[in-house]
Amino acid sequence: MPDRCEVLPGDAVVARRGGGLLWVDAPGSPALVSALHACLGVSGPGADRVLAAVAGEVSSLASGGASFALVLASDSGTGVALWAGKGQPAVDGVPVTGSSIDGGSLATGFSLGQSLYVGPGQSAPRTPPGVSYDLVEGTVPGGGATLHLAGTAAAAPAAAPAQSFSASTDSGFGAARGAAAAADRPESGEQTAFWRPEANEAAPILRFDDGMVVTIDEDLVLGRRPDNHEMVSSGSARAVPIADTQNVLSSAHAALTRNGREVSLVDLGSLNGTHVAGPEATEWTQLEPGVAHPLSDGDRLLLGWTVITFEQPQD
């Protein structure tokens with residue numbers, strides 16, 4: 001059975017890539033988030049030196065208080081960890097101990113055990129069924145994460161199936177690059193969460209800038225923390241969380257509603273607005289809150305700094 005990473009609900013950031021797992025709570029410090037995220041791709045004997053170098057830059061990269069916990073796992077079953085502030089890694093529920101260095105604490109060569117936790121304080125209790133989701137790869141909002149390592153899942157109590165998420169890169173204000181970019185993912189920076197559905201060629205889709213998609217097979221609510229919106233809590237829509245270290249997205253920013261084959265975009269009273277542009281347009285049009293805007297194939301959506309392309313399959 002493959003590794004499974006349960007993400008706990010929260011407004012901080014959780015990232016997973018390769019053998020790295022990160023939790024960071026650093027509002028207003030995108031440079032620090034990017035530096036930590038870049039460390040997820042580090043491996044080999046020099047990993048501890050890389051983390052020590054990053055720790056030495058924390059004071060200059062962070063704006064105000066910052067908390068994080070980062071663990072890099074090796075194929076040999078050992079790990080290297082860096083943490084600071086309220087952050088704390090734990091193995092099998094036991095906090096990892098390390099040496100105090102400039103910018104945080106560093107531990108090397110510890111056994112990974114059966115489960116690995118990154119987040120605030122000591123290892124959090126097991127996530128209630130129906131609350132967690134499985135992070136395959138990428139960056140999502142979260143209050144911490146527990147990685148159940150391969151071959152150990154049978155020892156854990158059974159839980160309801162978790163929703164499976166992956167991630168695509170945050171596209172900023174640039175135009176979407178299309179599916180071809182999926183093979184060329186950036187190695188660092190903020191990323192945006194999305195739902196990876198089962199194949200459904202008949203349904204319209206939202207395509208993020210690296211070609212990854214969200215299938216619109218039901219109504220959707222998009223935002224920084226959309227799971228609390230009434231459309232989601234009532235069961236009439238599915239939540240699609242988007243990582244937002246810049247604090248430009250509202251908790252429930254916009255919704256996509258279906259009426260037969262027609263899909264409409266609705267701004268949910270977001271602070272910074274929801275914008276749309278046609279395939280050939282050179283300017284964004286801001287939507288009036290609460291007013292549905294029918295989408296056409298190729299329309300681009302701008303939510304905060306995230307650009308998404310709407311694609312409607314042809315009959």
Side-chain angles (χ1 to χ4, degrees), residues 2-5 7 12-26 29-62 66-91 95-113 115-120 135-140 142 144-150 165-170 182-193 210 243 245:
D3 296 345
R4 190 167 70 89
C5 181
V7 178
V13 173
V14 169
R16 181 187 181 192
R17 180 157 56 90
L21 187 62
L22 168 68
W23 170 84
V24 55
D25 185 9
S29 303
L32 175 60
V33 176
S34 294
L36 292 170
H37 193 281
C39 292
L40 292 174
V42 175
S43 61
D48 57 336
R49 294 192 295 273
V50 173
L51 295 192
V54 171
E57 299 297 324
V58 167
S59 59
S60 61
L61 296 175
S67 297
F68 60 86
L70 169 65
V71 176
L72 305 178
S74 70
D75 294 336
S76 63
T78 61
V80 179
L82 176 68
W83 65 98
K86 298 179 181 179
Q88 175 66 63
V91 173
V96 174
T97 58
S99 303
S100 179
I101 61 174
D102 290 342
S105 298
L106 180 69
T108 62
F110 58 89
S111 175
L112 297 177
S115 66
L116 176 65
Y117 167 82
V118 293
L135 178 60
V136 178
E137 181 179 358
T139 306
V140 296
T146 300
L147 177 62
H148 300 282
L149 300 175
F165 277 77
S166 186
S168 66
T169 58
D170 182 28
D184 185 24
R185 295 188 180 183
E187 292 299 314
S188 64
E190 181 182 347
Q191 296 185 326
T192 301
D210 69 352
T245 59

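What you see is a predicted model, and the numbers here were worked out from it, not measured in a lab.
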Least distance between heavy atoms, R17 atom then H37 atom | NH2-O, 3.3 Å

Closest heavy-atom pair, T146 versus Y117, reported as atoms and distance to 0.1 Å, is OG1-CD1, 3.6 Å

If you measure from CG on L149 to OG on S115, what distance do you get to the nearest 0.5 Å?
-> 7.5 Å

Please report the shortest heavy-atom distance between G87 and S67, naming the atom on each side.
-> N-CB, 3.9 Å

Taking C-beta and beyond as the side chain, do C5 and L147 meet within less than 4.5 Å on heavy atoms?
-> yes

Hey, could you give me the CG/CG distance between L21 and L72, rounded to the nearest 0.5 Å?
-> 9.5 Å

Set of side chain to side chain donor-acceptor pair (under 3.5 Å) partners for T78, sequence neighbours left out = S74, S76

Can you name the one residue among V24, D25, V118 that meets side chain to side chain contact (heavy atoms under 4.5 Å, CB included) with F68?
-> V24

Tabulate below the donor-acceptor pairs under 3.5 Å that side-chain atoms of residues 50-60 make, not counting sequence neighbours, or state none.
residue : atom : partner : partner atom : Å
E57     : OE1  : S60     : OG           : 3.2
S60     : OG   : E57     : O            : 2.9

Heavy-atom side-chain contact between L106 and V80 under 4.5 Å | yes

Does any non-hydrogen side-chain atom of P89 lie less than 4.5 Å from one of W23?
-> no

Minimal heavy-atom distance between V14 and A145, with the atoms involved, is CG1-CB, 3.7 Å

For V91, check side-chain contact (heavy atoms from CB on, under 4.5 Å) against everything at least two apart and list the hits.
-> V96, F110, L116

Rounded to the nearest 0.5 Å, what's the gap from CG on L61 to CG on L36? Could you check?
-> 8.0 Å

